[in-house]
Amino acid sequence: MDERQLRILRELGELGSVSAVAEALLVTPSAISQQLRLLQRSVPVPLTERQGRRLVLTDAGQALAGAAVEVEAALARARGAVEGFLGRPDGEVSVAAFHSAGAAFFPPLLRALAAPGMPRVALADEDVPQEDFPRLTREYDLVLAHRLDHTPPWPRTVTATTLLREPLDVAMPAGHPLAAKRRVTPKDVADEPWITVHDGFPVLATIEAIAAAAGRRLHLAHRINEFAVVAEAVAAGGGIALMPRWTMRRHPDLVLRPLTGVRARRHIDALHRPERAARRAVRTVLAELRRAATVIQARDDRPLLDAPRVY
C-alpha cells in the first residue's frame, strides 16, 4: 500500500462513491477503482463492499481509513521537516577540494560565511585522479574538481559549475635562461628536466601535448602532485614545471612564462549531485564560491608580459 491508495480509501469513506472521489481528486473513476484493487491485494480481508449501487467501506476498510488519517498527518509533518531542512540558511555543507583549489578557495569561503545565520562548512582535501572526482559527490555536498580543456566533460550524473578557466604557465627559477623570454614554446622547454604529476592527474595530459608538439619525449625528473612542493623543487633547481596562474601562492624565486603552441588551461569546477542544490545552504555556498573565483581571477590576472612575473 502507498500514500495515494490510503488517501483514496479515506476519501471513499467520507464521500461515499467512486465517482465523487474521482471528481475530488481530478482523476477518472477507473483510475480510482484500479488503485483500490491494488490496495486490496495487499490486505487479507475485504476493505469495501457493495450496498446497492454504492461501494462502501467494510469495518476493516474503516479501520484502515482511520489509520490513513494518521499516516497523512505523519507524512505532512515529515514534509514539513524536509522543507525546513531544505530552507535552512545555516545548515552544514560539506566541501571537498584538490589541494591548490583548497588553498585558493577555502580561506575566502570561511571568511564570507563567518557571519551568524550563514551555512556552516565542513572542509576536506581530496587529491584524486580526474575520473574519481564525480564519485566524491556521494560523500560531499560540493566537490571542487579540475580537468583540462580538451578532456571529456563530467558525466551527466553530476552538475558542474565552472568557477575558473585557469591558464597553466611554465614555472622556472628566476635566473633561468628561459626567464628572459616573453613566451616559451614546446621546443624551448623540451630539453629541460620536468617536475610533473603522477599518472592519471590532469596536468600530465598537457605535458604529453608539449612532448607531441616538440616531437620528442620529455625527461620527467620528478613526480610531485602538490604544487607548493613543486614550487620549492623548481626553486631548488630540480627542473621546470607547469603551474596554475591564479590559485598558487607567489614564490619569490620563481617566474612564470606563458606557453604557446599548446592548449594549457584547466577548468576548476564545482561538482554536485542535482538533488543537493535543493538545499538553500548549498546554494549559498556555491554562490560564495563563484564570488571567490571572481576575486581570485581579478587579483592575479595581471599581464605576464609587461614585466617579469615573480613568484
Side-chain angles (χ1 to χ4, degrees), residues 97-108 125-130 144 146 148 164-211 213-214 216-266 268 295-311:
F98 62 95
H99 293 148
S100 57
F105 282 92
F106 285 175
D125 63 330
E126 291 281 1
D127 188 27
V128 299
Q130 178 176 329
L144 300 191
H146 56 151
L148 298 181
L164 290 173
R165 292 181 175 89
E166 182 178 33
L168 299 173
D169 299 314
V170 179
M172 62 194 73
H176 195 284
L178 291 176
K181 288 181 167 285
R182 294 167 61 84
R183 299 177 182 273
V184 294
T185 68
K187 289 187 177 181
D188 291 332
V189 299
D191 294 327
E192 299 289 330
W194 278 87
I195 305 168
T196 191
V197 296
H198 293 275
D199 292 342
F201 289 80
V203 173
L204 191 61
T206 302
I207 296 292
E208 294 167 350
I210 294 171
R216 53 187 178 275
R217 181 177 297 178
L218 304 185
H219 171 43
L220 307 183
H222 308 287
R223 295 296 191 104
I224 304 171
N225 274 14
E226 173 52 60
F227 281 123
V229 180
V230 171
E232 296 297 335
V234 173
I240 63 175
L242 288 176
M243 298 282 281
R245 184 179 297 178
W246 298 323
T247 55
M248 274 297 298
R249 292 184 179 181
R250 300 186 177 196
H251 193 292
D253 299 324
L254 300 187
V255 296
L256 297 186
R257 289 293 174 260
L259 179 66
T260 63
V262 170
R263 293 177 65 186
R265 191 174 69 166
R266 69 175 181 178
I268 298 180
V295 173
I296 289 167
Q297 182 172 349
R299 180 185 63 210
D300 286 331
D301 196 19
R302 294 185 291 266
L304 289 175
L305 306 180
D306 293 344
R309 183 174 178 138
V310 179
Y311 277 73

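All values below come from the heavy atoms of this structure, side chains included, with hydrogens, waters and symmetry mates left out. The first residue in the sequence is number 1, and the count goes up from there.
Annotation: side chain of Val295 is not in contact with side chain of Pro108 (no heavy-atom distance under 4.5 Å). A 4.5 Å side-chain heavy-atom check between Phe105 and Leu164 finds at least one atom pair inside the cut-off. Residues Arg265 and Leu168 have side chains not in contact (no heavy-atom distance under 4.5 Å, counting atoms from C-beta outward). Thr206 places a side-chain heavy atom less than 4.5 Å from the side chain of Leu148. Annotation: side chain of Pro173 is in contact with side chain of Val234 (closest heavy-atom distance under 4.5 Å).
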From CA spacing to verdict: side chain to side chain contact (heavy atoms under 4.5 Å, CB included), Met243, Leu256: CA-CA 8 Å; Met243 298 282 281; Leu256 297 186; 4.0 Å; yes
Side chain to side chain contact (heavy atoms under 4.5 Å, CB included) evaluation trace for Arg182 with Arg257: CA-CA 7 Å; Arg182 294 167 61 84; Arg257 289 293 174 260; 6.0 Å; no
Working for side chain to side chain contact (heavy atoms under 4.5 Å, CB included), residues Asp127 and Phe201: CA-CA 9 Å; Asp127 188 27; Phe201 289 80; 3.4 Å; yes
Side chain to side chain contact (heavy atoms under 4.5 Å, CB included) assessment of Phe98 paired with Ile268: CA-CA 10 Å; Phe98 62 95; Ile268 298 180; 4.1 Å; yes
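Note that CD of Gln297 and CH2 of Trp246 are 3.5 Å apart. Values are rounded to the nearest 0.5 Å. Of the inter-residue distances, the one linking Thr260 atom OG1 with Lys187 atom NZ reads 11.5 Å to the nearest 0.5 angstrom. For the atom pair CD1 of Ile210 and OG1 of Thr196, the computed distance is 8.5 Å after rounding to the nearest 0.5 Å. Met172 CE to Leu178 CG: the interatomic distance, rounded to the nearest 0.5 Å, is 5.0 Å. Residue Arg245 holds its CZ atom at 15.0 Å from CD1 of Ile296, rounded to the nearest 0.5 Å. With values rounded to the nearest 0.5 angstrom, Ile195 atom CD1 is found 10.5 Å from Glu232 atom CD.
Salt bridge annotation for Asp199-Arg223: present, with a cationic side-chain nitrogen under 4.0 angstrom from a carboxylate oxygen. With respect to the salt-bridge test (charged N to carboxylate O, under 4.0 angstrom), the residues Arg266 and Glu166 qualify. The pair Asp191-Arg216 counts as a salt bridge, with a side-chain nitrogen and a carboxylate oxygen less than 4.0 angstrom apart.
Judged by distance alone, the side chains of Glu192 and His176 do bring a donor and an acceptor atom under 3.5 Å apart.
The two atoms that bring Val230 and Ala241 nearest to each other are CG1-CB, 3.5 Å, heavy atoms only. Heavy-atom minimum distance, Leu218 versus Ala211: CG-CB, 3.8 Å. Smallest separation of non-hydrogen atoms from Gly102 and Ala97: N-CB, 3.7 Å. Minimum heavy-atom separation, Val262 to Pro186: CG2-CG, 3.7 Å. Looking at every heavy atom in both residues, Ala179 comes nearest to Ala174 through CB-O, 3.6 Å.
No donor-acceptor distance shorter than 3.5 angstrom exists from the side chain of Asp169 to the backbone of Leu259, with no hydrogens or angles considered. Of the possible donor and acceptor atoms, one in the side chain of Trp194 sits under 3.5 Å from a partner among the backbone N and O of Val189.
Residues passing the side-chain hydrogen bond (donor to acceptor under 3.5 Å, both in side chains) test with His99 are Asp125, Glu226, sequence neighbours excluded.
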